[in-house]
Amino acid sequence: MTLNFSGRHYPSDIIMQALRYYLAYKLSYREIEEMFSERNIHFDHSTLNRWVIKYTPQLEAVFKKKKRRVSGSWRMDETYIKFKGRWVYYYRTVDKFGAIIDFYLSETRDEPAARVFFNKAIDQHGLPGKVVIDKSGANAAALDTINIRLWLSGDMLFMIEVLIVKYLNHIVEQSHRKVKGKMHQCLGWKSWEGAESTLVGVELWSMIKQGQMDTTEMMTPWEQFYSLAA
């Protein structure tokens, strides 16, 4: 998959650099607009917003094909994200080494939402051997539903071990910081599409920084990010 930049008023390298600055650092759209203006490159902050919404999901789709394998021991937690002045729920899971596995933004915190999240992660990474969760009954119920499905299909050897051990989940709780920092910098989000796209981009940059992109060449994190558009 190659990103399509046709019809844009700016070359792809300018668009990709502006995207990286926004996703990697606590910079607002207006601050990046000002930074580029100093280089005599003029675009409106709303244009950058449209670039984020259009291109970050595409960049993540390319990255998924290059993502390194994760451990089968997962740590799952949810945090709060401000959307239109109210709090919604952001599900995240990392492996026991801190590698980001998957994430999902939801308006509800219940068993169906948790099940959608786990199915999304399993579709990409396969069944985990173990999942450590918090005391949320909804998360436990979602994993029970998945295990029942496995048992009914005859895959009893692949059923997921579910643990509730608070200290083991510290690694995923600490991993929320980058996402929360971007939310505070943005003062929350006004559109669901903008929130999802920004969160995807922030997670994408974090995965690249953590060395989760499988490359055959020695590249810096920013070179890896730009290579996704090639």
Side-chain angles (χ1 to χ4, degrees), residues 23 52-65 67-84 86-128 130-147 149-150 160 162-164 168-169 171-184 186 188-208 210 212:
L23 301 173
V52 169
I53 290 172
K54 179 176 178 61
Y55 290 114
T56 54
Q58 295 181 42
L59 290 167
E60 187 207 17
V62 176
F63 174 81
K64 281 183 175 180
K65 298 176 182 178
K67 187 176 181 181
R68 295 185 187 277
R69 291 180 61 85
V70 297
S71 163
S73 181
W74 295 6
R75 312 287 190 261
M76 182 269 189
D77 189 33
E78 62 273 349
T79 188
Y80 298 95
I81 295 295
K82 184 163 280 189
F83 169 69
K84 288 188 175 180
R86 61 187 176 88
W87 295 103
V88 295
Y89 307 96
Y90 189 55
Y91 291 83
R92 298 180 73 252
T93 185
V94 304
D95 72 9
K96 64 180 180 180
F97 303 111
I100 297 167
I101 295 170
D102 218 325
F103 36 87
Y104 173 65
L105 187 64
S106 172
E107 293 198 66
T108 59
R109 185 191 186 203
D110 51 21
E111 190 271 340
R115 187 157 27 94
V116 168
F117 168 66
F118 282 121
N119 286 334
K120 179 174 180 281
I122 290 168
D123 285 346
Q124 170 70 13
H125 300 281
L127 284 166
K130 176 191 304 180
V131 178
V132 181
I133 60 174
D134 58 16
K135 293 181 180 180
S136 168
N139 297 336
L143 288 167
D144 285 345
T145 299
I146 293 170
N147 274 334
R149 186 182 65 199
L150 291 169
I160 302 166
V162 182
L163 298 175
I164 302 174
L168 288 178
N169 255 16
I171 191 169
V172 66
E173 291 168 1
Q174 295 297 317
S175 181
H176 294 329
R177 287 181 176 179
K178 188 75 174 176
V179 167
K180 300 290 277 188
K182 193 64 180 178
M183 180 196 70
H184 292 310
C186 292
W189 283 279
K190 304 298 188 294
S191 80
W192 194 264
E193 192 176 34
E196 281 189 320
S197 298
T198 302
L199 292 168
V200 163
V202 171
E203 300 281 17
L204 169 62
W205 176 249
S206 295
M207 288 187 284
I208 290 174
Q210 290 178 191
Q212 289 186 243

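Bear in mind the structure is a predicted one, so any value in this text is a computation, not a measurement.
- Between Ala121 and Trp74 the shortest heavy-atom distance is CB-CZ3, 3.8 Å.
- Applying the ring pair (Phe, Tyr, Trp, His ring centres under 6.0 Å) test to Phe97 and every residue at least two apart in sequence or in another chain returns nothing.
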Listed pairs under 3.5 Å, donor-acceptor, residues 111-119 side chains, sequence neighbours left out:
from: Glu111; atom 1: OE1; to: Arg115; atom 2: NH2; distance (Å): 3.0
from: Glu111; atom 1: OE2; to: Arg115; atom 2: NE; distance (Å): 2.7
from: Glu111; atom 1: OE2; to: Thr145; atom 2: OG1; distance (Å): 3.1
from: Asn119; atom 1: ND2; to: Arg115; atom 2: O; distance (Å): 3.2

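- When atom types are taken as modelled, the side chain of Lys84 and the backbone of Gly188 share no donor-acceptor pair closer than 3.5 angstrom.
- Applying the salt bridge (Lys or Arg N to Asp or Glu O under 4.0 Å) rule to pairs touching residues 131-144 yields Arg109-Asp134, sequence neighbours excluded.
- Side chains of Tyr104 and Tyr90 form no contact here, defined as non-hydrogen atoms less than 4.5 Å apart.
- Scanning all heavy atoms of the two residues, the minimum distance from Gly98 to Gln210 falls at O-NE2, 3.2 Å.
- For Phe63, there are no ring pair (Phe, Tyr, Trp, His ring centres under 6.0 Å) partners two or more places apart in sequence or in a different chain.
- Taking Lys96 as the reference, Ser71, Ser73, Arg75 meet the side chain to side chain contact (heavy atoms under 4.5 Å, CB included) condition, with sequence neighbours excluded.
- Expressed to the nearest 0.5 Å, how far CG of Asn139 lies from OH of Tyr91 amounts to 6.0 Å.
- The backbone N or O of Ile171 sits nowhere less than 3.5 Å from a side-chain atom of Ser175 that would complete a donor-acceptor pair.
- Between Ile164 and Val132 there is no side-chain heavy-atom pair separated by less than 4.5 Å.
- Closest heavy-atom contact between Thr198 and Leu23: O-CD2, 4.0 Å.
- Between Trp189 and Leu199 there is a side-chain heavy-atom pair separated by less than 4.5 Å.
- Here the CG atom belonging to Leu127 is positioned 5.5 Å from the CG atom belonging to Leu150, to the nearest 0.5 angstrom.
- The salt bridge (Lys or Arg N to Asp or Glu O under 4.0 Å) contacts involving residues 97-106 comprise Asp102-Lys120, where partners must be two or more places apart or lie in separate chains.
- For the pair Glu107 (side chain) and Tyr89 (backbone), a donor-acceptor distance under 3.5 Å is absent.
- Applying the salt bridge (charged side-chain N to carboxylate O under 4.0 Å, His left out) rule to Glu193 yields no partners; only residues at least two apart in sequence or on another chain are considered.
- In this structure Trp87 satisfies the ring pair (Phe, Tyr, Trp, His ring centres under 6.0 Å) test with no other residue, sequence neighbours excluded.
- For Gln174, the side chain to side chain contact (heavy atoms under 4.5 Å, CB included) test picks out Arg177, with sequence neighbours left out.
- The closest side-chain heavy-atom distance from Trp192 to Val88 is below 4.5 Å.
- Legend: residues meeting salt bridge (charged side-chain N to carboxylate O under 4.0 Å, His left out) with Arg68, ordered by chain and number and at least two apart, are Asp214.
- Counted by atom type alone, Lys82 and His184 present zero donor-acceptor pairs between their side chains at under 3.5 Å.
- Residues Val162 and Ile133 are in side-chain contact: their nearest non-hydrogen atoms beyond the backbone lie under 4.5 Å apart.
- Shown here are the ring pair (Phe, Tyr, Trp, His ring centres under 6.0 Å) partners of Tyr55, two or more places apart in sequence or in another chain: Phe5.
- What you find for Ile53 and Ser197 is that their closest heavy atoms are CA-OG, 3.5 Å.
- Residues satisfying the salt bridge (charged side-chain N to carboxylate O under 4.0 Å, His left out) test with Glu203, not counting sequence neighbours, are Arg92.
- Side-chain N or O atoms of His125 include one that pairs as donor or acceptor with a backbone N or O of Ile101 at under 3.5 Å.
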